[in-house]
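Data first, discussion second: the structure below is written as structure tokens.
Letters go in sequence order (proteins before strands), and every chain restarts at 1.
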Protein chains: 2
Amino acid sequence: MITLKDIAKECGVSTATVSNILNGKNKVSEETRDRVLKVVKDRGYKLNYVAQGLRRQKTQTIGVIAEDIAQFTTPEIIEGIMEVCEERGYRTIVQNLRLYARWQDLWFDNDKMYYSVMNPAVQEMASIRVDGIVYVAGHARKIHRFPNDYQIPSVLAYAYSQEEEVPSVVIDDEEAARVAVDYLVKRGHTKIGVMAGEQENIHTKLRILGYQKALYDAGILYNPELVTYAGWGKELSYNAAEALLSKDITAIFSMSDRNAGGIYKYLFEHGKQAGKDISIIGFDDEMISDFMTPGLTTMKIDLLGIGKKAIEMLFDKMEGKEVSKEIKMPCRLIERASVGRI
Amino acid sequence: MITLKDIAKECGVSTATVSNILNGKNKVSEETRDRVLKVVKDRGYKLNYVAQGLRRQKTQTIGVIAEDIAQFTTPEIIEGIMEVCEERGYRTIVQNLRLYARWQDLWFDNDKMYYSVMNPAVQEMASIRVDGIVYVAGHARKIHRFPNDYQIPSVLAYAYSQEEEVPSVVIDDEEAARVAVDYLVKRGHTKIGVMAGEQENIHTKLRILGYQKALYDAGILYNPELVTYAGWGKELSYNAAEALLSKDITAIFSMSDRNAGGIYKYLFEHGKQAGKDISIIGFDDEMISDFMTPGLTTMKIDLLGIGKKAIEMLFDKMEGKEVSKEIKMPCRLIERASVGRI
DNA sequence: TTGTATGCGTTATCAA
DNA sequence: TTGATAACGCATACAA
């Protein structure tokens with residue numbers, strides 16, 4: 001592989017001069033610049049970032065640590081991060097912890113498991129000498145002890161940071177839920193059930209709060225019996241659908257599109273339809289919501305925006321600017337056909 | 001940041017000794033090893049991969065160039081690549097060309113557009129001095145002129161290579177289609193329509209071939225009038241559904257789950273059901289197929305397997321082993337409820 | 001078993 | 001405007 005030294009020799013100049021030219025320092029004459037640039041091009045010379053990184057002590061690289069790129073939220077968040085990095089001339093290197101693929105949800109409360117994968121990943125990033133780290137969580141929770149021994153500027157995306165120096169970007173679950181339920185209320189629904197996610201999950205708790213808020217604003221009494229916890233998948237939700245539907249309700253706030261899918265399945269098997277026999281609003285705007293029949297009205301998460309915001313905060317931090325401790329990104333209502341009027 | 005030299009000084013040994021210990025060379029006494037290792041641990045010393053890469057002329061890093069990680073096939077392929085890389089102690093660095101995000105499908109036939117993004121990406125990988133490259137395509141097509149000026153061992157995943165030195169891993173479209181249609185035939189269907197993808201697309205052409213093969217094997221005459229081209233999305237397929245359904249058919253081979261979704265929508269609006277009024281088999285096994293009502297029987301693509309196979313071929317290449325020019329990965333039938341018997 | 005010295009490809013300092 | 005030289009952190013050949 002051709003090096004800077006080769007170019008220098010071929011041009012009859014010093015390596016310092018070639019380096020200066022390549023880095024746009026203007027202490028070189030037009031003439032030598034042109035000559036060198038021509039040779040660089042002809043020989044197809046390419047800078048060695050490894051050597052540059054060593055000398056500069058700066059790799060111009062952002063590390064992304066993803067809990068699992070197979071989580072539906074993750075690729076789009078990373079897409080947002082990469083888009084901004086590219087604009088700013090930064091490279092991106094992705095570490096995939098594959099936490100869900102390894103252990104499903106067993107790692108949630110198992111620090112030993114978690115850190116057995118997380119620590120090496122951070123060390124890896126440190127060894128590569130990335131200039132900053134974006135940690136992309138698979139679902140919202142409080143992350144404490146973010147290993148910051150290496151003094152690398154870091155930002156959390158899609159989870160809440162417990163450490164002062166690590167800011168985070170999350171979705172505004174409570175407000176999004178309030179908007180969703182308010183949408184039902186505005187269409188005349190007052191008896192509104194909830195197909196909730198995992199009971200201990202932060203998303204779940206905050207969305208319950210938003211649900212309460214919307215009811216309160218409308219002067220409707222909160223009735224805990226109308227809230228069913230069914231995890232995040234289709235199956236549990238399907239199993240819970242019958243009991244929930246047998247209650248005296250006209251609409252359901254489903255905390256994920258997948259949960260809504262379980263209800264749809266139940267309805268289908270009993271010859272009923274969302275939007276007609278019962279109103280349903282989902283959450284996530286996963287692709288499935290556009291493929292369910294009828295289309296599922298739902299709350300869209302701005303994943304791209306989360307990624308962009310997170311990396312922008314990281315750059316601000318790297319430049320020593322003041323950054324907010326936590327940013328809540330709004331969700332957007334996507335209207336389809338699963339909600340009717342009373 | 002603490003360096004190898006610091007450790008050496010603290011232990012009163014030379015850097016060479018520390019390096020030898022860290023690299024598991026057994027020309028060191030137990031005693032000094034233990035002493036050094038203790039200091040390494042206490043001080044939290046971490047190797048600098050940048051320096052190591054420079055010295056070794058080997059970065060222990062695999063570059064992944066993805067046409068777009070937002071394509072539904074891509075994250076899982078990357079997941080497979082990363083899993084194997086991790087086992088072998090290789091790092092992974094991902095470049096996301098964001099081709100679809102930038103230009104939808106305009107870049108397919110526009111070499112200038114394509115290489116304006118592709119060439120810098122490859123140069124980037126070259127500058128990082130990755131040991132090998134896996135290129136992950138967003139959809140199957142023939143890729144010529146894979147820029148291999150840098151002599152970096154490379155492999156194509158999910159597209160066909162036109163270059164002798166670049167092997168590829170693709171899905172066996174023809175056989176998968178044959179299996180799908182045969183499944184319909186075995187259930188008594190003889191009048192089988194096709195909701196096909198983009199006409200010029202390789203997936204489309206090969207699957208048509210598979211369709212023909214299955215018909216031929218069953219002694220059914222191929223009738224081109226039963227084949228409708230509708231792109232890969234839901235909308236065009238929905239628009240084409242009426243005409244296709246009005247033909248004298250009892251089943252449809254849909255070349256993507258999304259296409260099947262368009263048919264479902266049409267059926268739903270006309271009070272009909274897949275599996276009862278018409279049989280449908282899809283392709284891809286995207287998540288939507290499990291959420292459609294009734295569940296869509298479909299062909300699952302082994303994306304994880306494609307990723308693993310591709311990276312394994314790359315390692316073989318890097319080790320100078322002989323590798324096949326092209327590997328076709330089989331698809332698997334996933335039975336749900338959208339196909340009935342005649 | 002351990003240490004010395006050199007070089008990987010680049011950038012930065014300083015002198016010319 | 002240009003060049004000589006040192007240094008970044010590590011691995012290795014060779015000497016001790």
Are the charged groups of A/Glu312 and A/Lys317 less than 4.0 angstrom apart, N to O?
-> no
Sorted by number, residues from residues 46-57 of chain A placing a heavy atom under 4.0 Å from DNA chain D are A/Leu54, A/Arg55, A/Gln57
Only counting residues at least two apart or in another chain, list the ones meeting side-chain contact (heavy atoms from CB on, under 4.5 Å) with A/Asp42.
-> A/Lys38
Evaluate side-chain hydrogen bond (donor to acceptor under 3.5 Å, both in side chains) for A/Lys46 paired with B/Gln123, printing each intermediate quantity in order.
-> CA-CA 7 Å; A/Lys46 274 295 125 193; B/Gln123 288 183 3; 3.1 Å; yes
Are a donor atom and an acceptor atom from the side chains of A/His144 and A/Tyr160 found within less than 3.5 Å of each other?
-> no
Counting only non-hydrogen atoms, which of residues 7-16 of chain A are less than 4.0 Å from DNA chain D?
-> A/Gly12, A/Val13, A/Ser14, A/Ala16
Close residues, residues 28-36 of chain B, relative to DNA chain C [heavy-atom separation under 4.0 Å] | B/Val28, B/Ser29, B/Thr32
Sugar-phosphate only, base, or nothing, as touched by B/Lys58 at under 4.0 Å among non-hydrogen atoms = nothing
Whole-Å distance separating the CG atom of B/Leu4 from the P atom of C/dG7 = 19 Å
Between atom CD1 in A/Ile21 and atom P in C/dT11, what is the gap in whole Å?
-> 12 Å
What's the CD-C1' distance between A/Gln60 and C/dT11, to the nearest Å?
-> 15 Å
Electrostatic pair A/Arg141:A/Glu67 at N-O distance under 4.0 angstrom = yes
Hey, is the side chain of A/Ser19 poking within less than 4.0 Å of OP1 or OP2 on C/dT10, counting only N and O atoms?
-> no
With sequence neighbours left out, the residues meeting side-chain contact (heavy atoms from CB on, under 4.5 Å) with B/Glu31 are B/Ser29, B/Arg35
Between CZ of B/Arg129 and P of C/dG9 the distance, given in whole Å, is 8 Å
Could you state the CG-C1' distance from A/Asn23 to C/dT13, rounded to the nearest angstrom?
-> 15 Å
Give the rounded distance in Å between these two atoms: CD1 of B/Ile128 and C1' of C/dG9.
-> 16 Å
Answer yes or no: is there an ion pair linking A/Arg98 with B/Glu86, defined by an N-O contact shorter than 4.0 Å?
-> yes
Would you kindly give the NZ-to-P distance between B/Lys25 and C/dG3, to the nearest whole Å?
-> 17 Å
Lys/Arg N to Asp/Glu carboxylate O, A/Arg88 vs A/Glu319, below 4.0 Å = yes
B/Ser161 side-chain N/O to B/Pro167 backbone N/O, donor-acceptor pair under 3.5 Å = no
Go through B/Asp6 and B/Thr3 one step at a time and tell me if the side-chain hydrogen bond (donor to acceptor under 3.5 Å, both in side chains) criterion holds.
-> CA-CA 5 Å; B/Asp6 299 328; B/Thr3 70; 3.3 Å; yes
Whole Å only: how far is the CG atom of B/Asn20 from the P atom of D/dC10?
-> 14 Å
Output yes when at least one side-chain N/O atom of A/Tyr45 is less than 4.0 Å from OP1 or OP2 of C/dG9, else no.
-> no
side-chain contact (heavy atoms from CB on, under 4.5 Å) filter on A/Arg43, not counting sequence neighbours, yields A/Ile2, A/Ile7, A/Glu10, A/Val39
